[in-house]
Colleague: 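Dropping a structure here in structure tokens format, bear with me for questions.
Small disclaimer: the values here were computed from a predicted structure and weren't measured.
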Amino acid sequence: MTTADASDRPTPLSTPVSAGIVASLVGFTSSFAVVLTGLRAVGASPTEAASGLSALCLTQALGMMWLARRYRQPITLAWSTPGAALLAGTGVVVGGWPAAVGAFVTVGVLIVLTGLWPTLGAIVSKIPIPLAQAMLAGVLLPLCSAPVAAFAESPTRIAPVVIVWLVVLRFSARWAVPAAFAAAAAIIAADVIAGGTPIAGAELIPRVDWTIPQWSWQATIGIAVPLYIVTMASQNIPGTTVMASFGFRIPWRASMAVTGTGTVLGAFAGGHTINLAAISAALSANPAAHPDPTRRWTAAFTAGCSYLVLALLATALATLVAAAPAGVVETVAGLALLGTLAASLFGALEHASDREATVLTFLVAASGLTFAGIGSAFWALVVGLVVRAVLRRQSPTPTDTRATD
């Protein structure tokens, strides 16, 4: 989680309502391009990806409104941005888009079971966090390097986006990516007008595309398992930690039931995963939202109401993204994920004893390897766990150079 600078510090005029609106706007504009990129990568058509974005907005909105009101806590939900990045690096699996939807349903069921069955949560907690972070960092690397390749191909289109991002980042970290998307939207609009192919009004109307899920073992292993691990390790667990830092204890079982059920229902419309928020949670739960902790729940409730409005705009934004020149949206997505990449690399390399395993996990994940129809994220975890187990079995001796380095 990034630390806001002086310009991000709240003013005395801050209220739970304004905090909730800011949380929803920042959460949506800073990562919806990543979501669309991920859904398209696993086989969704532009209309199916737009439907998935709308479904995510709707399910997380209803979920956080219910949780916030029921428990009187600023419990904020979000879509899994790292999960969307993982999808972007996975690509189409055997069975195509319906199989990916089946994997999303599986993830939702696993999340519900995590809340109901403590043993499953214990199993997940045994997966070393550095390996999960290394896997995520490897998946993110190609996405975060996309702006470099895009700049080489079209500097006149990419440079304004990067410059706006950098300038705004200097003064307000939380608004840097939204500002970059605003610059990208201006470039897309200019390109559409210059090309003489205006967007039809019918393409801007909200719609839902239903998909009947299918299940394949390749999608289950290649998408569902890594997506579940990333969602738990990078979203749900940090989300509870952030809330605890502000004095709130998340109702774990209820939160997992709501986010898991929402994931299952949203999957039929193309949504991948919803979960506890971390950065958005901080915006709603910190004292700036309201000095009285018992009244901060209205910030999360307001964020949910705002996401209902954003769900109506998702189709129009997805249409705008689909009309973008090559590299523009990829640049915004890459910039949006830089912070996540940095945090993942730090978490992966923080413990010296696991660095060989984490580096190999990172390299396999970044390679884009596909073997037996299964993407690199799963194989990265397998390699990392095997290498870690082998190296951990070595007992240090006085002559062991590894132990004395």
Colleague: Ignoring hydrogens, what is the shortest heavy-atom contact between Gly222 and Thr90? Give both atom names and the distance.
Modeller: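 Shortest heavy-atom contact: O-CG2, 4.1 Å.
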Colleague: State which residues pass side chain to side chain donor-acceptor pair (under 3.5 Å) with Ser344; sequence neighbours excluded, sorted by chain then number.
Modeller: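 Per chain and number, Ser344 pairs via side chain to side chain donor-acceptor pair (under 3.5 Å) with Gln133.
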Colleague: Closest approach of Cys144 and Gly334, non-hydrogen atoms and distance?
Modeller: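 Between these two residues, the closest heavy atoms are SG-O, 3.9 Å.
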Colleague: List the steps, then state whether side chain to side chain contact (heavy atoms under 4.5 Å, CB included) holds for Phe28 with Leu53.
Modeller: CA-CA 10 Å; Phe28 183 92; Leu53 183 62; 4.3 Å; yes
Colleague: Please list, one pair per line, the donor and acceptor atoms closer than 3.5 Å that link side chains of residues 359-367 to other protein atoms, with sequence neighbours excluded.
Modeller:
unit_1: Thr361; atom_1: OG1; unit_2: Ala357; atom_2: O; d: 2.7
unit_1: Ser367; atom_1: OG; unit_2: Val364; atom_2: O; d: 2.6
unit_1: Ser367; atom_1: OG; unit_2: Leu369; atom_2: N; d: 3.2

Colleague: Side-chain polar contacts of residues 56-73 - donor-acceptor pairs under 3.5 angstrom, sequence neighbours left out - could you list them?
Modeller:
unit_1: Thr59; atom_1: OG1; unit_2: Ala55; atom_2: O; d: 2.8
unit_1: Thr59; atom_1: OG1; unit_2: Leu56; atom_2: O; d: 3.3
unit_1: Gln60; atom_1: OE1; unit_2: Trp79; atom_2: N; d: 2.9
unit_1: Arg72; atom_1: NH1; unit_2: Arg69; atom_2: O; d: 2.3
unit_1: Gln73; atom_1: NE2; unit_2: Arg249; atom_2: O; d: 3.1

Colleague: Using a 3.5 Å cut-off and no angle test, enumerate the donor-acceptor pairs between side-chain atoms of residues 265-279 and protein atoms at least two apart in sequence or in another chain.
Modeller:
unit_1: His272; atom_1: NE2; unit_2: Ser80; atom_2: O; d: 2.8
unit_1: Asn275; atom_1: OD1; unit_2: Ser80; atom_2: N; d: 3.4
unit_1: Asn275; atom_1: ND2; unit_2: Ala78; atom_2: O; d: 3.3

Colleague: Do Pro178 and Trp175 come close enough that some side-chain heavy atom pair is under 4.5 Å?
Modeller: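 SC-SC contact between Pro178 and Trp175 confirmed.
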Colleague: Which atom pairs, donor and acceptor, lie under 3.5 Å between side-chain atoms of residues 93-118 and protein residues at least two apart or in another chain?
Modeller:
unit_1: Trp97; atom_1: NE1; unit_2: Thr211; atom_2: OG1; d: 3.1
unit_1: Thr106; atom_1: OG1; unit_2: Gly102; atom_2: O; d: 3.0
unit_1: Thr106; atom_1: OG1; unit_2: Trp215; atom_2: NE1; d: 3.1
unit_1: Thr114; atom_1: OG1; unit_2: Leu110; atom_2: O; d: 2.7
unit_1: Thr114; atom_1: OG1; unit_2: Tyr228; atom_2: OH; d: 2.5
unit_1: Trp117; atom_1: NE1; unit_2: Thr119; atom_2: OG1; d: 3.3

Colleague: Measuring from Leu335:CG to Ser30:OG, what's the distance to the nearest 0.5 Å?
Modeller: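 OG of Ser30 is found 12.0 Å from CG of Leu335.
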Colleague: Could you pull out all residues at least two apart from Ala150 that satisfy side-chain contact (heavy atoms from CB on, under 4.5 Å)?
Modeller: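 side-chain contact (heavy atoms from CB on, under 4.5 Å) list for Ala150, sorted by chain: Ile158, Thr331.
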Colleague: Ile223 and Val42: side chain to side chain contact (heavy atoms under 4.5 Å, CB included), yes or no, with the steps?
Modeller: CA-CA 9 Å; Ile223 293 180; Val42 292; 4.2 Å; yes
Colleague: Is a donor on one side and an acceptor on the other found under 3.5 Å between the side chain of Ser255 and the backbone of Pro251?
Modeller: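 Yes; judged by distance alone, with no hydrogens or angles, the pair exists.
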Colleague: When you compare the side chain of Leu136 with that of Leu86, does any pair of heavy atoms fall below 4.5 Å?
Modeller: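 Contact flag for Leu86/Leu136 side chains = no.
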Colleague: Going by salt bridge (Lys or Arg N to Asp or Glu O under 4.0 Å), name the residues that satisfy it together with Asp354, two or more places apart in sequence or in a different chain.
Modeller: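 Asp354: salt bridge (Lys or Arg N to Asp or Glu O under 4.0 Å) contacts with Arg388, Arg392.
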Colleague: Nearest 0.5 Å, what's the CG-OG distance between Asn286 and Ser245?
Modeller: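 With rounding to 0.5 Å, CG (Asn286) is 9.5 Å from OG (Ser245).
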Colleague: With sequence neighbours left out, what residues match Arg157 under salt bridge (Lys or Arg N to Asp or Glu O under 4.0 Å)?
Modeller: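 Arg157 satisfies salt bridge (Lys or Arg N to Asp or Glu O under 4.0 Å) with Asp191 once adjacent residues are dropped.
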Colleague: Can you classify the ring geometry of Phe301 versus Trp297 as parallel (below 30°), tilted (30 to 60°) or perpendicular (above 60°)?
Modeller: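 Ring orientation of Phe301 relative to Trp297: perpendicular.
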Colleague: Looking at Ser18 and Thr15, would you say the former's side chain and the latter's main chain have a donor-acceptor pair under 3.5 Å?
Modeller: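 Judged by distance alone, yes, a pair lies under 3.5 Å.
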Colleague: Do Val177 and Phe181 touch side chain to side chain, with heavy atoms closer than 4.5 Å?
Modeller: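 Answer no - side chains too far apart.
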Colleague: To the nearest 0.5 Å, tell me how far Arg355 CZ sits from Leu391 CG.
Modeller: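 Result: 14.0 Å between the selected atoms.
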Colleague: Taking side chain as C-beta onward, heavy atoms only, is Leu87 less than 4.5 Å from Thr37?
Modeller: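 Side chain of Leu87 against side chain of Thr37, heavy atoms only: no contact under 4.5 Å found.
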Colleague: To the nearest 0.5 Å, what is the distance between CD1 (Ile250) and OG1 (Thr241)?
Modeller: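 It is 10.0 Å, given to the nearest 0.5 Å.
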Colleague: If you take all heavy atoms of Leu283 and Ala289, which pair is closest and at what distance?
Modeller: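 Taking Leu283 first and Ala289 second, the nearest heavy atoms are O-CB, 4.2 Å.
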Colleague: If you look at every heavy atom in Ala179 and Val164, which pair is closest and at what distance?
Modeller: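 Heavy atoms only, the tightest pair is O-CG1, 3.5 Å.
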Colleague: Please give me the minimum heavy-atom distance between Val34 and Ala85, naming the atom from each residue.
Modeller: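 Scanning both residues completely, I find the closest heavy atoms to be CG1-N, 4.0 Å.
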Colleague: Taking only residues two or more places apart in sequence, or in another chain, which ones meet Ser145 in a side-chain contact (heavy atoms from CB on, under 4.5 Å)?
Modeller: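 Partners of Ser145 under the side-chain contact (heavy atoms from CB on, under 4.5 Å) test: none.
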Colleague: Name all residues meeting the side-chain contact (heavy atoms from CB on, under 4.5 Å) criterion together with Pro293; count only those two or more places apart in sequence or in a different chain, and write none if there are none.
Modeller: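 Listed in chain order: Phe248, Arg296.
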Colleague: Run Val208 and Ser54 through side chain to side chain contact (heavy atoms under 4.5 Å, CB included) and show every step you take.
Modeller: CA-CA 8 Å; Val208 175; Ser54 298; 5.5 Å; no
Colleague: Check Ala303 against Ser24 and note the closest heavy-atom contact, atom names and distance.
Modeller: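 Where Ala303 meets Ser24 most closely, the heavy atoms are O-CB, 3.8 Å.
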Colleague: Answer yes or no: does atom CD of Glu350 have more than 12 heavy-atom neighbours from other residues, nucleotides or ligands under 6.0 Å?
Modeller: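 Counting other residues, nucleotides and ligands, CD of Glu350 exceeds 12 neighbours.
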Colleague: Using side chain to side chain donor-acceptor pair (under 3.5 Å) as the criterion, list what pairs up with Ser45, not counting sequence neighbours.
Modeller: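 Partners of Ser45 under the side chain to side chain donor-acceptor pair (under 3.5 Å) test: Thr47, Glu48.
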Colleague: Under the criterion side chain to side chain contact (heavy atoms under 4.5 Å, CB included), I'd like the reasoning laid out for Thr298 against Val17: C-alpha separation, chi angles, the key distance, then a yes or no.
Modeller: CA-CA 7 Å; Thr298 55; Val17 172; 5.8 Å; no
Colleague: Determine whether Leu385 and Pro128 make a side-chain contact, defined as any pair of heavy atoms from C-beta on separated by less than 4.5 Å.
Modeller: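 The answer is yes; the side chains approach within 4.5 Å.
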Colleague: Please enumerate all residues that pass side chain to side chain donor-acceptor pair (under 3.5 Å) together with Thr156, with sequence neighbours excluded.
Modeller: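 Counting only residues at least two positions away or on another chain, Thr156 forms no side chain to side chain donor-acceptor pair (under 3.5 Å).
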Colleague: Answer yes or no: is there a side-chain heavy-atom contact under 4.5 Å between Asn236 and Met256?
Modeller: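 Side chain of Asn236 against side chain of Met256, heavy atoms only: contact under 4.5 Å found.
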